[in-house]
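Worksheet for the structure shown next.
In this text the structure is predicted, and so the values were computed from the model without any measurement. So you know, we letter chains A, B, ... as the sequences are listed, proteins then strands, and number each from 1.
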2 protein chains.
Amino acid sequence: MNKPSPQAAYIHCYEQIRDKILNGELPAGMKLVEERLAAEMGVSRTPVRESIRRLEQEGLIKKKRVVNPTDEELRHIFQVRILLEGFAARCAASYMDEATLGRLQQCIDIARKGDDQETMLANKEFHDLIVQSSRNPEIVSIIDRMQSIIYLFRKAVVYYKRPFLIDEHQSILDAIRARDAARAERLMQEHLQADLDFYLHLGRR
Amino acid sequence: MNKPSPQAAYIHCYEQIRDKILNGELPAGMKLVEERLAAEMGVSRTPVRESIRRLEQEGLIKKKRVVNPTDEELRHIFQVRILLEGFAARCAASYMDEATLGRLQQCIDIARKGDDQETMLANKEFHDLIVQSSRNPEIVSIIDRMQSIIYLFRKAVVYYKRPFLIDEHQSILDAIRARDAARAERLMQEHLQADLDFYLHLGRR
DNA sequence: TTCGATAAAATTGTATACAAATTTAAAGTT
DNA sequence: AACTTTAAATTTGTATACAATTTTATCGAA
């Protein structure tokens, strides 16, 4: 009755390498050498190799190097987010239950008065809850993948203090609460577009 | 069929296994055993293993078995297509050049009078050309992945003779030609919805 | 029979060795 | 210097051995 061991090497490796990429320990552009990573984690090349391949397919690694998304790639990714998260917001307006609506409001409240870390997590949860309300695993997984790549592009935590970001979240929630699907979708799309513009503006500094 | 053949085993394996899944040689539900496939292709388990992992990530294999998408999974996949291909149709109406418009018309003409195989290819090209006109590699690759899974669901070639399918293509092209982005998007979405309904109807027989 | 326990077989996960390919360094020539 | 060419080194791709795990088969008891 035992579930797959809590840490099969190939899973553990994948998660660890992924984390190191996302937290910057393996910086953008860095060449990933199987043997070095394997030694670092005390395993053989085999599970490391699988992990790299998987991360390559997810778009976090390209040609054995940590990706450094260009402005254009970022625009492409955001276009997908705009379409899918816009739809998710529409679903939320139609189907989201009271408990989750309450949790969305909590996310906004936490983001308003919390520290950087709390704000970041609350803002992320806000989006995740809406995406999940699409009840579509394909959409959830596509968005999750893209959020990781976007995370990589973020140069400064400052982002989570973007002016109006939390106000926009509040407007979206208001539309969802009012069960106004069209408005929720439009506001989400505008919100993401503003996000993209902010990223691109940060980019050239 | 004779391109400078990819001599790398892991690429060749991936393509061959993928083909066998799509053409039914490896039928839905079949357990894929690394050693058996390796022997069949005259290589070791290593490249076979990588191929299986990749196909697993693409959604053609689940738990070492060729997937058999449920109605619900099919709906989820089509929802993504509706959103992304709808957007692509909008882009096509805005940006598509004369040459490509001409090619779209050819696809329709071929599909009307060709045999099953020609019709299938022409209909597929029609969609591919529109998706490509989004000029967004992320969208192209997501749709490509989903089309493969849908292909797996198709029980009969009959599909490509679905009533009105080609007429719907013609209407979409007309809207694109007229540079009517909103209408092109709406027609594409309705077209895909009709496709989905047809599949689901086929399913319970 | 049906059920559960358990032994046997099959299959996967991991490490390792070696060959093929790629990258880096070194050398000589202009 | 800059530019090839060649040698050395690094790194990847593949095969293979073995351990760990999962699946299947077998047996006996209720």
*Any pair counted as ring pair (Phe, Tyr, Trp, His ring centres under 6.0 Å), so long as it reaches residues 90-111 of chain B, sequence neighbours left out*: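 Listed by first then second residue: nothing to list.
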_Applying ring pair (Phe, Tyr, Trp, His ring centres under 6.0 Å) as the test, list every pair that has at least one member in residues 98-129 of chain B; sequence neighbours left out._
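For residues 98-129 of chain B, and leaving out neighbouring residues, the ring pair (Phe, Tyr, Trp, His ring centres under 6.0 Å) pairs sorted by first residue read B:F126-B:H169, B:H127-B:H169, B:H127-B:H191.
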*Between the two ends of the helix from C:dT1-D:dA30 to C:dT30-D:dA1, what is the bend in degrees, rounded to 10 degrees, where each end axis spans five pairs?*
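Axis angle across the helix from C:dT1-D:dA30 to C:dT30-D:dA1, nearest 10°: 20°.
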*In plain terms, say whether B:K20 and B:E40 are close enough for a salt bridge, that is, a side-chain N and a carboxylate O under 4.0 Å apart.*
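Answer for the salt bridge query: yes.
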*Report yes if the side chains of A:I142 and B:E138 come closer than 4.5 Å at any heavy-atom pair, otherwise no.*
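No; the side chains remain at least 4.5 Å from each other.
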*Within a strict 4.5 Å, meaning less than it, do heavy atoms of the B:Q106 and B:E125 side chains meet?*
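No, every pair of side-chain atoms sits at 4.5 Å or beyond.
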_5′-ward residue of the pair A:R65/B:K31 relative to DNA chain C_ =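 Closest to the 5' end, via its nearest nucleotide, is B:K31.
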*Contact boundaries on DNA chain C for chain A, cut-off under 4.0 Å to non-hydrogen atoms*: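 Nucleotide range in contact with chain A: C:dG13 to C:dA17.
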_Set of residues satisfying side chain to side chain contact (heavy atoms under 4.5 Å, CB included) with respect to B:A93, sequence neighbours excluded_ =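 With neighbours one apart ignored, the set is B:A181, B:A184.
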*Does B:G29 offer a backbone N or O that forms a donor-acceptor pair with the side chain of B:R65 under 3.5 Å?*
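Yes: the side chain of B:R65 pairs with the backbone of B:G29.
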*Say whether A:R18 and A:S148, considering side chains only, have a donor N or O and an acceptor N or O under 3.5 Å apart.*
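Judged by distance alone, the side chains do pair up.
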*Starting at CD of B:E35 and ending at P of D:dC18, how long is that distance when rounded to a whole Å?*
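That distance rounds to 14 Å.
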*Report the distance from atom NZ of A:K64 to atom P of D:dT11, rounded to the nearest whole Å.*
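Those two atoms, NZ and P, are 13 Å apart.
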_Please find the pair of heavy atoms, one from B:A111 and one from B:I166, that lie closest to each other, and give the distance._
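Closest heavy-atom pair between B:A111 and B:I166: O-CD1, 3.5 Å.
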_For B:C13 against B:S51, the heavy-atom pair lying closest together_ =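 Heavy atoms of B:C13 and B:S51 come nearest at CB-OG, 3.3 Å.
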_Interface residues of residues 38-62 of chain B with DNA chain C (non-hydrogen, below 4.0 angstrom)_ =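 The stretch gives B:R45, B:R49, B:R53 as the residues lying under 4.0 Å from the strand, ordered by number.
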